[in-house]
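Small disclaimer: the values here were computed from a predicted structure and weren't measured. The chains referred to below are lettered A, B, ... by the order of the sequence lines, with proteins before strands, and numbering in each begins at 1.
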2 protein chains.
Amino acid sequence: MNIQTPTDKKNAKRREKEQIILRAAERVFAQAGFGGATMQLIADVAGLPKANVHYYFQTKEDLYRQVVSNIFGIWLEAASAFDDAVGPVEGIGAYIDAKMEISRSHPNGSKVWASEVMHGAPFTQDYLETTLVEWTQGRLAIIQRWVDAGLMDKVDPRHLLHMIWATTQHYADFRHQINTLNGGQPLGEAQWEEAKTTIKRIILQGIGVKV
Amino acid sequence: MNIQTPTDKKNAKRREKEQIILRAAERVFAQAGFGGATMQLIADVAGLPKANVHYYFQTKEDLYRQVVSNIFGIWLEAASAFDDAVGPVEGIGAYIDAKMEISRSHPNGSKVWASEVMHGAPFTQDYLETTLVEWTQGRLAIIQRWVDAGLMDKVDPRHLLHMIWATTQHYADFRHQINTLNGGQPLGEAQWEEAKTTIKRIILQGIGVKV
DNA sequence: GTCTATATAGAGATAGAC
DNA sequence: GTCTATCTCTATATAGAC
């Protein structure tokens, strides 16, 4: 049985408050961008006075970096679906499924990341140059191995990855456009399934694996 | 021979100045987002005093709407490549080529559009609901005709369009990430060609047409 | 830890001389 | 048409009472 010291309790409460603020910040940053977001609005959405937000996150930039870091971590986890696979059908298929699920459940995180990259990663270039570069190299090697083993056509793994990222994240980042073209309605369960199926089918058949 | 009245000259000069401001604004909005962009910076990039920018475009919003409208028009033109085609190989192939060229030549316009949509199209929902909806319906009909004629597999035309938009625009919107993963270097001529070839190959083979 | 009140800075926009 | 100076508003951030 765990003994909870007063410090643990304090930390737990602190983390809880931080989570509330982070969730609110993710929404506001996604909706307004870094420049358009205001600490006041984040505080309002979190249901706290503005000064409290500054108590937990000294500056707007600190808060923003945390939000970006979160979605980045979630995407890295999705890579596990990719790694344990024996071939492209399971590997790429599962990766697309995982990325699509994240686009559905975390559209705001995806938007914040997109916005950050579009503006030249002014606050998180370090992530790009270290974590993302390493992750990508590992995945490119796996795809290349599949190509060499004759499990798929000889396509440039880099552009294949870009296609997968672009398409899956589009369903989060351009959700508003997609909904507008869907008669103003969010995609329903069946439509999400159809999206996943269609994307997997085109990409897998496109790289020459039997579906 | 045209006779140029004083009014024509005035108008020509006005349009010229407006173009300079619009180009500067496109860059600044792309780099900083609507909220992060400042009229001061736009004026600096355009090489004009801030008050002059306000003379030509009364408000920041007016200027922004013009910028969005521009890229929107450029994309609509790319549709012609699509329309005159006899089948998916030429139609979709030419459309992908055209969209990729635009991503290469107008990355900033693409970013401004992406940002606008991500934030829920606060200033240009009217474009989405009228022009874009009509354009899309026309293109969906063409694809459906190709499907019905047996020229391609039976895939959902909507998701196919989303894939094409997502992938081609990714090369503009996420250019910074792509460059970082390319060793910090912009894609060279050969790499752009490879990107186009790879994307067309995967998508066309993916929808079951002979390449 | 929480909140009110405020210091400080920088934005969009405009008045008015040239 | 152009530019300087300035008005007004709103942002981030913090001081200090509770």
| Which letters describe nucleotides 12-18 of chain C, given B = protein heavy atom under 4.0 Å from base, S = only from sugar-phosphate, - = neither? | BBB----
Residues two or more places apart in sequence or in another chain: which of them pass side-chain contact (heavy atoms from CB on, under 4.5 Å) with [X]?
X: B:Glu189; answer: B:Arg104, B:Glu193
X: A:Leu48; answer: A:Lys17, A:Ile21, A:Ala46, A:Asn52
X: B:Thr136; answer: A:Leu181, B:Leu132, B:Leu140, B:Leu161, B:Trp165

How long is the line joining [atom1] of [X] and [atom2] of [N], in whole Å?
X: B:Asp44; N: C:dA11; atom1: CG; atom2: P; answer: 10 Å
X: A:Leu41; N: D:dT10; atom1: CG; atom2: P; answer: 14 Å
X: B:Tyr64; N: C:dA11; atom1: OH; atom2: C1'; answer: 18 Å
X: A:Phe29; N: D:dT12; atom1: CZ; atom2: P; answer: 9 Å

| message | Under the rule for ring pair (Phe, Tyr, Trp, His ring centres under 6.0 Å), what residues qualify as partners of A:Tyr55, not counting sequence neighbours? | response | none
| message | Using C1' atoms of five pairs at each end, report the bend of the helix from C:dG1-D:dC18 to C:dC18-D:dG1 rounded to 10 degrees. | response | 10°
| remark: Across all chains, not counting sequence neighbours, the side-chain hydrogen bond (donor to acceptor under 3.5 Å, both in side chains) partners of A:Thr124 are A:Glu116
| message | Is there a side-chain contact between B:Lys13 and the phosphate of D:dG1, meaning an N or O under 4.0 Å from OP1 or OP2? | response | no
Which atom pairs, one a donor and one an acceptor, fall under 3.5 Å between side chains of residues 24-37 of chain B and the rest of the protein, sequence neighbours left out?
none

| When we call it a touch if two heavy atoms are under 4.0 Å apart, what does A:Phe57 touch: a base, just sugar-phosphate, or nothing? | nothing
| message | Looking only at side-chain N and O atoms, does A:Asp173 offer a donor or acceptor that is under 3.5 Å from a partner on A:Ser110? | response | yes
| Selection residues 129-147 of chain A - residue pairs positive for salt bridge (Lys or Arg N to Asp or Glu O under 4.0 Å), sequence neighbours left out | A:Asp83-A:Arg139
